[in-house]
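Here the structure is laid out as structure tokens; the discussion comes afterwards.
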Amino acid sequence: MNDDRETIYKAFGISGKVLAFAGPILEELEERFDKIDETAEYNQLRVIRAMQEAHVGEAHLKGTTGYGYDDIGRDGLEQVYASYFHTEDALVRPQITCGTHALALALMSNLRPGDVLMSAAGKPYDTLEEVIGIRPSRGSLAEYQIGYTQVDLAGDDFDYPAIEKALEDPRIRLVTIQRSKGYQTRRTLSVAQIGSAIAFIKERRPDVICMVDNCYGEFTERIEPSDLGADMIVGSLIKNPGGGLAPIGGYIAGTRECVANAAVRLTSPGLGKEVGASLDVLPSFYQGFFMGPVVVAAALKGAIFAANCYERLGFDVLPNGSEARHDIIQAITFHDPRGVIAFCQGIQSASPVDSYVDAQPAPMPGYDADVIMAAGAFVSGSSIELSADGPIKEPYSVYFQGGMTWPHAKLGILKTLQNMLDRGLVAL
Ligand SMILES: *Cc1c(COP(=O)(O)O)cnc(C)c1O
């Protein structure tokens with residue numbers, strides 16, 4: 001880099017050594033980044049088309065109060081989601097407080113006492129353990145006599161024979177598949193893999209509902225699980241589909257039947273989708289969904305850049321530097337607590353908000369080790385914004401995700417490298 005960008009990077013404390021290390025890596029990634037931009041272009045056009053088809057107008061951006069009857073903005077947004085995801089209907093609401101809530105809602109509203117829920121992709125996301133009752137918890141599915149069974153993945157793909165066997169239980173009513181690895185060490189499933197599993201399940205049990213936990217996956221590919229047979233896809237608006245602008249919310253997109261069940265559970269039998277004031281959130285929901293494809297592209301570039309830098313330095317990275325991406329999460333393993341801390345502090349120091357905060361490991365409810373978290377986000381807890389966290393225990397891995405713009409993600413990663421260098425944890 002031989003222009004005044006070098007000067008401003010130096011003002012951020014990034015040395016010529018770090019820039020010289022990153023330069024050739026970035027050059028090698030150019031072609032790959034072009035492909036990501038092409039996917040963003042494709043998905044961006046699909047979002048615009050969905051908005052045009054729904055006849056979104058200025059009036060849609062005005063919210064309602066009170067009961068929220070005749071909220072055309074809310075209804076229009078749900079039409080946009082349904083159109084984009086090719087589903088019959090969608091529920092997209094600020095009253096859905098987070099991803100876990102959206103998933104719990106989808107499950108609790110579509111299962112009945114005596115039914116059994118099956119996970120076809122192994123252990124689900126941590127917070128779902130209490131929803132299901134794997135860890136006993138007040139209000140869990142287990143308390144309502146809804147059973148649970150799980151088929152673990154076989155390596156990086158579904159265990160088809162085990163799924164076939166499990167499906168012999170006629171009480172199985174809903175199969176859930178988690179697309180992203182979340183904070184596990186398995187690989188993230190591609191939409192194509194998920195589609196094959198759904199076809200396999202439907203062939204044997206057409207009566208079973210197939211649901212996909214779509215968190216962190218939206219816009220990373222050109223198709224979504226709902227294009228390949230999922231009856232319901234579920235996610236959080238403070239991740240990919242909120243584009244970093246939505247300040248709250250979750251969505252369920254799927255069949256009319258599944259969405260209607262979720263709607264009456266969210267509000268009330270008899271009311272369903274007809275109530276739920278949108279207050280002031282609609283502009284951010286619309287604009288966030290509009291921005292989503294390019295924001296996800298920025299996050300993907302950051303993840304790939306980080307993987308390539310740290311792979312070159314000899315660390316284990318998952319996914320690795322060259323493999324295809326199906327979500328925005330990057331894991332890096334340091335086998336040294338100092339690496340986790342240096343990385344997270346680098347991300348924090350690159351933030352537009354709270355950059356001066358000194359991130360430190362601390363005890364967290366629900367974790368058995370101290371955790372260090374880095375986030376300088378406009379929306380609290382938003383993980384489509386540049387963020388990283390890691391538990392201070394073996395194997396000392398950090399999970400890194402987000403970055404609403406590529407220059408910000410790049411700065412964050414350069415800051416992590418500088419910290420590693422300054423603390424003698426790597427030699428460049
Ligand atoms: C984030 C996430 C969730 C839970 O979402 P929250 O908004 O944190 O409640 C569930 N599943 C996966 C795969 C996730 O990444």
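Counting convention: from 1, in listed order, for ligands and their atoms alike.
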Problem set entry | Interfacing atoms of ligand 1 (cut-off 4.0 Å, heavy-atom, Tyr216) |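 Matching atoms, with element in brackets: 15 (O).
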
Please state which protein non-hydrogen atom is closest to [atom] and give its distance, to 0.1 Å?
atom: atom 14 (C) of ligand 1; result: Lys239 NZ, 3.0 Å
atom: atom 9 (O) of ligand 1; result: Thr100 OG1, 2.5 Å
atom: atom 7 (O) of ligand 1; result: Gly99 N, 2.8 Å

For ligand 1, is any non-hydrogen atom under 4.0 Å from [X]'s backbone (N, CA, C, O), its side chain (CB onward), both, or neither?
X: Ile238; value: neither
X: Gln178; value: side chain
X: Asp213; value: side chain

Exercise. Thinking salt bridges, do Glu168 and Arg204 make one under a 4.0 Å N-O criterion?
Worked result: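 A salt bridge is absent here (no side-chain N lies under 4.0 Å from a carboxylate O).
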
Exercise. What pairs with Gln178 under side-chain hydrogen bond (donor to acceptor under 3.5 Å, both in side chains), at least two apart in sequence or on another chain?
Worked result: none

Problem set entry | Sequence-distant partners of Phe290, ring-ring contact (aromatic ring centres under 6.0 Å, His included), two or more places apart | none

For this session: Run the ring-centre check on Phe219 versus Tyr84 and record whether the distance is less than 6.0 Å.
Result: yes

For this session: Assess the side chains of Thr220 and Arg179: does a donor N or O sit below 3.5 Å from an acceptor N or O?
Result: yes

Exercise. Hey, which of Asp75, Asp70, Asp89 is the one that makes salt bridge (Lys or Arg N to Asp or Glu O under 4.0 Å) with Lys273?
Worked result: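 Of Asp75, Asp70, Asp89, salt bridge (Lys or Arg N to Asp or Glu O under 4.0 Å) with Lys273 is met by Asp89 alone.
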
